[in-house]
Amino acid sequence: MRDDLTAALLTWYDGHARDLPWRVPPGSGRRPDPYRVWLSEIMLQQTTVAAVRAYFLRFTEIWPTVTDLAAAEDTEVMGAWAGLGYYARARNLLKCARVVASEHGGRFPDTEAGLLTLPGIGPYTAAAIAAIAFDRPAVVVDGNVERVMARLRRIETPLPAAKAPIRAAMAELTPDRRPGDYAQAVMDLGATICTPKSPGCMLCPWRDACAARLAGVAETLPVKAPKKAKPTRRGLLYLARRGDTWLLEQRPDEGLLGGMLAFPTSDWSEAPTPAPPALADWYELGEVRHTFTHFHLILTVLAADRPGPPSRGAFAPLDPSTLPTVFRKAHALMTKRHGTGD
DNA sequence: CAACCGTGGAG
DNA sequence: TCTCCAAGGTT
């Protein structure tokens, strides 16, 4: 029974696997490059395939091996990651590459436990790399697996309490042969058929076994805790230029947008809008709105075309593509006003 | 364990 | 416009 389910899914995967730049075709017997598997898994954490694809191609073009990446400058890597979000991933990516290069001879550990010791690699990613790159029968549980298993076994316990039975359900179905293809098959099923909303149950290779579908409750699973409302924070952003250079600073490694290139800002708080200080040379350019994971942000943008010596940051040429999105929006305000702006 | 940490696309 | 959410990890 278990074997039948697993076999049916692998057969489905052989015909329906998505063609992704970090994959090898299913059942080819070849193993993908662990570096590419690792890089893709880090990028895919809480991030869509559509967003990752271009970043993955660019990273592997610039840094074809983990040794190349380990030798890169921090600012190059952070700039290349800009726009993808969750910037701690990029900082840990570099830490991890350097550990692999210097302490493991440029080769990734080939076990789940070994992978788990590396920066930025948690339980999901360790299992995924072990299964996909090294053919280990690791139990891979991500958001797709949670949804698929919650439905297949009709697990109605709310997350995160449901994690234990979900993991047990996945473990029971994980095969000794083709574990990497199996893990990717469940994820592809979750991404293309067993979707959060309007699942395509009629196309599902597990439709006749799915307890949730048979009970007519597939779309309601998994049950999740309600989300909290996002507060709104406000602050000031200082947009200063001298000719072709812009006033920039690097944000501290800890916290929001850590380690990224940035325009100087005030602190952001939920208090009423701070009165823009009446500074000579500065004028109010406009407003930038942006939403982060857990709060909304409204920044009043103060601009200066040729300000005096800055109290923080330094003037430097700018490639706006190396900025996090909120700062790219501020930069766009200026270029909209002045034409091309750079 | 719950909070923190980005972004853009879909509905 | 607004809510949801996507291959999670760290603290």
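Throughout, a chain's letter reflects where its sequence line sits, starting with A, and its residues are numbered from 1.
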With a 4.0 Å cut-off on heavy atoms, is [X] in touch with a base, just the backbone sugar-phosphate, or nothing at all?
X: A/Thr291; result: base
X: A/Leu84; result: base
X: A/Arg23; result: base
X: A/Arg289; result: nothing
X: A/Pro123; result: sugar-phosphate

Within the supplied structure, the quantity of interest is the number of heavy atoms (other residues, nucleotides, ligands) at a distance under 6.0 Å from A/Arg242 CZ; does it exceed 12?
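Buried by this count: over 12 neighbours within 6.0 Å.
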
Output the rounded distance in Å from CG (A/Leu257) to C1' (B/dT7).
11 Å

To the nearest Å, give me how far apart CD (A/Gln46) and P (B/dG9) are.
17 Å

Test for a donor-acceptor pair under 3.5 Å between the base of B/dG6 and the side chain of A/Thr47, counting only N and O atoms.
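When only heavy-atom distances are counted, A/Thr47 does reach the base of B/dG6 through a donor-acceptor pair under 3.5 Å.
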
May I ask you to verify whether the side chain of A/Thr293 and the base of B/dG6 hold a donor-acceptor pair under 3.5 Å?
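It does, because a donor-acceptor pair links the side chain of A/Thr293 to the base of B/dG6 below 3.5 Å.
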
For the P atoms, the ones on B/dG6 and on C/dT11, what distance do you get once it is rounded to whole angstrom?
14 Å

Aromatic plane relationship, [Y] with [X] - under 30° parallel, 30 to 60° tilted, over 60° perpendicular:
X: A/Phe263; Y: A/Trp246; result: tilted
X: A/Trp12; Y: A/His16; result: parallel
X: A/Trp206; Y: A/Tyr182; result: tilted

So, does A/Tyr86 get its side chain near the phosphate of B/dC4, meaning an N or O under 4.0 Å from OP1 or OP2?
no

Report yes if at least one side-chain N or O of A/Arg89 is closer than 4.0 Å to OP1 or OP2 of B/dG6; otherwise report no.
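False: A/Arg89 side-chain N/O out of range (4.0 Å or more) of B/dG6 OP1/OP2.
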
Using heavy atoms to find the nearest nucleotide of DNA chain B for A/Lys197 and A/Lys329 separately, return the residue whose nucleotide is more 5′.
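Taking each residue's closest nucleotide, the earlier one in sequence belongs to A/Lys329.
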
Hey, which of these two, A/His294 or A/Thr48, hits DNA chain B nearer its 5' end, going by closest nucleotide?
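It is A/His294, whose closest nucleotide lies nearer the 5' terminus.
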
Here's a test for you: under side-chain contact (heavy atoms from CB on, under 4.5 Å), which of A/Leu118, A/Leu93, A/Leu115 qualifies with A/Trp38?
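The option that passes is A/Leu93.
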
Start at the 5' end of DNA chain C and walk down; is the nucleotide closest to A/Ile121 or to A/Lys227 reached first?
A/Lys227

With nearest nucleotides of DNA chain C determined for A/Glu254 and A/Trp22 from heavy-atom distances, which residue corresponds to the more 5′ nucleotide?
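In this pair, the answer is A/Trp22.
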
